[in-house]
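Chain letters run A, B, ... following the sequence lines, proteins first, then strands; residues in each count from 1.
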Amino acid sequence: MADGPLIVQSDKTLLLEVDHEQADACRKAIAPFAELERAPEHVHTYRVTPLALWNARAAGHDAEQVIDALITHSRYPVPHALLVDIAETMARYGRLRLEKHPVHGLVLTSTDRAVLEEVLRSKKIQPLLGERLDGADGGSVAVHPSERGNIKQLLLKLGWPAEDLAGYVDGEHHPITLAEDGWELRSYQREAAEAFWHGGSGVVVLPCGAGKTIVGAAAMAHAKATTLILVTNTVSAHQWKQELIKRTSLTEDEIGEYTGTKKEIRPVTIATYQVMTTRRQGAYRHLELFDARDWGLVIYDEVHLLPAPIFRMTADLQARRRVGLTATLVREDGREGDVFSLIGPKRYDAPWKDMENQGWIAPADCVEVRVTLTDDERLAYAMADAEERYRFCATTPSKTRVTEALVNRHPDEQVLVIGQYIDQLDELGEHLGAPVIKGDTKVKERERLFQAFRDREIRVLVVSKVANFSIDLPEASVAVQVSGTFGSRQEEAQRLGRVLRPKSGGGGARFYSVVSRDTVDQEFAAHRQRFLAEQGYAYQIIDADDVLAGD
DNA sequence: GACGCGGGAA
DNA sequence: TCAAATCCCGCGTC
């Protein structure tokens with residue numbers, strides 16, 4: 001295409017011209033194998049990474065499709081070296097395979113003798129290996145079954161990710177079917193569960209509110225086996241239980257909660273990550289849960305939050321079927337590789353914009369409102385310690401008036417004001433005459449306020465980070481974000497997710513992010529927005545003065 | 001045993 | 001980076 005929207009560079013970055021008429025199609029075409037790096041106004045930068053290429057490979061895309069996508073949308077001739085590199089990187093996945101062996105249990109095998117020799121020379125790999133079993137057309141080597149996870153991690157780091165074809169144990173049979181009354185699986189939920197089931201293990205990526213729990217239930221109905229579900233908090237554990245009772249044939253007494261207060265082990269057991277990672281005298285206290293039953297399926301909820309010890313435990317669970325559920329595969333700690341090798345490749349991914357087009361989530365406008373600091377504030381900002389800087393510019397008093405104006409812009413809608421600093425939120429609450437929900441708000445009080453908000457007795461609610469975790473926040477159609485943590489892309493996604501539930505009137509949602517101009521606040525906000533930009537959400541930028549002037 | 005509270009961890 | 005929120009656990013009361 002002579003005037004395509006994409007510039008493909010030999011350093012593996014892709015520049016996408018956002019306003020080009022082909023930009024959406026292009027974004028969609030490159031999304032499976034490129035990660036968004038920067039997303040300012042006009043040109044977005046993507047990077048073609050090995051992990052993204054291998055995920056694409058595992059999802060059944062071949063190098064030819066990837067290369068075709070680049071050539072189709074590129075404005076200039078695509079550097080040949082890059083095309084060669086992409087083809088070679090993709091070909092690395094699956095060159096080595098882990099397979100079952102009738103005598104040795106597990107073997108690492110390859111038809112490419114040279115690759116096998118190369119990885120066998122690694123000092124870290126050698127201790128995991130047993131006997132050499134060379135055949136006529138290649139080689140293989142025994143691997144101790146308990147090292148199945150470790151060797152995959154190491155091979156990925158060496159750049160030769162193994163395809164794991166060694167299969168799974170069925171686990172203890174347990175009858176589970178989906179309930180049939182009054183609802184049915186949405187098409188994408190069915191596809192996601194099937195994609196996981198055929199892959200055997202891996203990750204399903206769906207937006208907030210798209211019904212990840214239901215995908216988990218569908219996966220359980222495939223496995224028909226005892227299931228261990230790992231979740232981030234007890235509220236989530238409870239919601240899983242309620243949802244499973246509603247959506248499957250499981251009854252209350254078949255589902256156990258394994259948390260701080262209850263230690264039930266049942267055919268389906270829901271445990272928090274935290275209870276699994278608590279230690280006494282250096283030893284994990286509740287490891288026995290993994291061996292308590294012959295689990296046929298392990299579900300990892302919010303896999304992007306999986307703590308490091310759970311990875312180590314998961315390395316020993318490689319013969320169990322595993323499914324990870326998440327809205328965002330990105331991790332701020334860079335452990336995407338561990339998700340890939342220990343949970344599995346991405347098996348299903350639904351772009352948010354596609355879901356929006358099909359009416360599963362509400363359309364949303366994202367607006368960044370830029371506040372200019374006063375001269376005094378600018379000076380104070382410049383003098384502030386590095387640690388104090390973000391707090392200072394994120395909580396500037398000017399934001400209060402702007403927030404109030406934004407809230408008043410939508411007099412007939414339910415509005416959430418979301419922020420990070422309690423002082424700021426208290427002040428906003430007072431100013432807006434709205435209740436504040438924060439960490440030390442009692443659960444009873446939270447529920448009372450949520451209910452009043454649902455009943456429209458309260459129109460505006462100010463919430464702290466509790467909004468990032470607690471799932472049972474009622475729906476709103478407008479959210480105003482006044483501060484957030486540095487660069488947490490998943491935080492932004494969670495917060496936008498709060499307003500994405502389809503509206504009864506069919507209307508759209510509005511997400512405002514109030515940001516101090518020319519400060520680290522603006523930088524942080526830009527970083528948080530990256531994930532949503534990748535999903536096709538563009539931020540319109542407006543000036544706070546225009547808001548105050550009533551537009 | 002069902003709570004509520006406060007300390008510690010990460 | 002810090003601040004904030006979470007959860008677990010042990011302790012008390014009833």
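Using bins of under 30°, 30° to 60° and over 60° for the plane-to-plane angle, the ring pair A:Y512/A:H410 lands in the tilted bin.
Nearest nucleotide to the side chain of A:S464, out of C:dC8, C:dA5, C:dA3: C:dA5. Proximity note for A:K438 (side chain, C-beta onward) versus C:dA5, C:dC9, C:dC7: the nearest is C:dA5. Comparing C:dA3, C:dT6, C:dC8 against the side chain of A:R391 picks out C:dA3 as the nearest. Proximity note for A:T278 (side chain, C-beta onward) versus C:dC7, C:dC9, C:dA3: the nearest is C:dC9. Side-chain proximity of A:I422 to the nucleotides C:dA5, C:dA3, C:dC7 is greatest for C:dA5. Distance from the side chain of A:R446 is smallest for C:dT6 among the nucleotides C:dC8, C:dT6, C:dA3.
By the side-chain contact (heavy atoms from CB on, under 4.5 Å) test, A:Q242 pairs with A:H238, sequence neighbours left out. Partners of A:R320 according to the salt bridge (Lys or Arg N to Asp or Glu O under 4.0 Å) rule, which considers only residues two or more places apart in sequence or in another chain, are A:D294.
Salt bridge status for A:E492 with A:R489: absent, with no side-chain N to carboxylate O gap under 4.0 Å. At a threshold of 4.0 Å, the pair A:R530-A:E534 does not count as salt-bridged, since none of the basic side-chain nitrogens sits closer than that to a carboxylate oxygen.
Straight-line distance from the NZ atom of A:K263 to the C1' atom of C:dC7: 11 Å, rounded to whole Å. Atom CD in A:Q424 sits roughly 11 Å away from atom P in C:dA4 (whole-Å rounding).
Side-chain nitrogen and oxygen atoms of A:T272 include at least one within less than 4.0 Å of the OP1 or OP2 phosphate oxygen of C:dC8. The side chain of A:H286 contributes no N or O atom lying less than 4.0 Å from OP1 or OP2 of C:dC7.
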Would you be so kind as to tabulate the donor-acceptor pairs closer than 3.5 Å made by side chains of residues 414-424 of chain A, with sequence neighbours excluded?
{"unit_1": "A:Q414", "atom_1": "NE2", "unit_2": "A:F453", "atom_2": "O", "d": "2.7"}
{"unit_1": "A:Q414", "atom_1": "NE2", "unit_2": "A:I458", "atom_2": "O", "d": "3.0"}
{"unit_1": "A:D423", "atom_1": "OD2", "unit_2": "A:R391", "atom_2": "NH2", "d": "3.3"}
{"unit_1": "A:Q424", "atom_1": "OE1", "unit_2": "A:S483", "atom_2": "OG", "d": "3.0"}
{"unit_1": "A:Q424", "atom_1": "NE2", "unit_2": "A:A394", "atom_2": "O", "d": "2.9"}

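As judged by a 4.0 angstrom heavy-atom cut-off over every strand, A:T277 is placed among residues making no nucleic acid contact. Across all strands, A:T485 comes closer than 4.0 Å to no nucleic acid atom at all (heavy-atom distances). No contact: A:E388 has no heavy atom under 4.0 Å from any strand.
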Can you name the atoms? Protein N/O to nucleotides 10-14 of chain C N/O, anything below 3.5 Å, with the distance.
{"unit_1": "C:dG10", "atom_1": "OP1", "unit_2": "A:R280", "atom_2": "NH2", "d": "2.3"}

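Pairs of residues two or more places apart, or lying in two chains, that qualify as ring pair (Phe, Tyr, Trp, His ring centres under 6.0 Å) and include a residue from residues 249-289 of chain A are A:Y258-A:H286.
Protein chain A contacts DNA chain B from B:dC5 to B:dA10, reading 5' to 3' and using non-hydrogen atoms of the protein with a distance under 4.0 Å.
Side-chain contact of A:T374 with A:D376: a donor-acceptor pair under 3.5 Å is absent, judged by distance alone.
Atom CE of A:M220 and atom CD1 of A:I176 lie 4.0 Å apart (nearest 0.5 Å).
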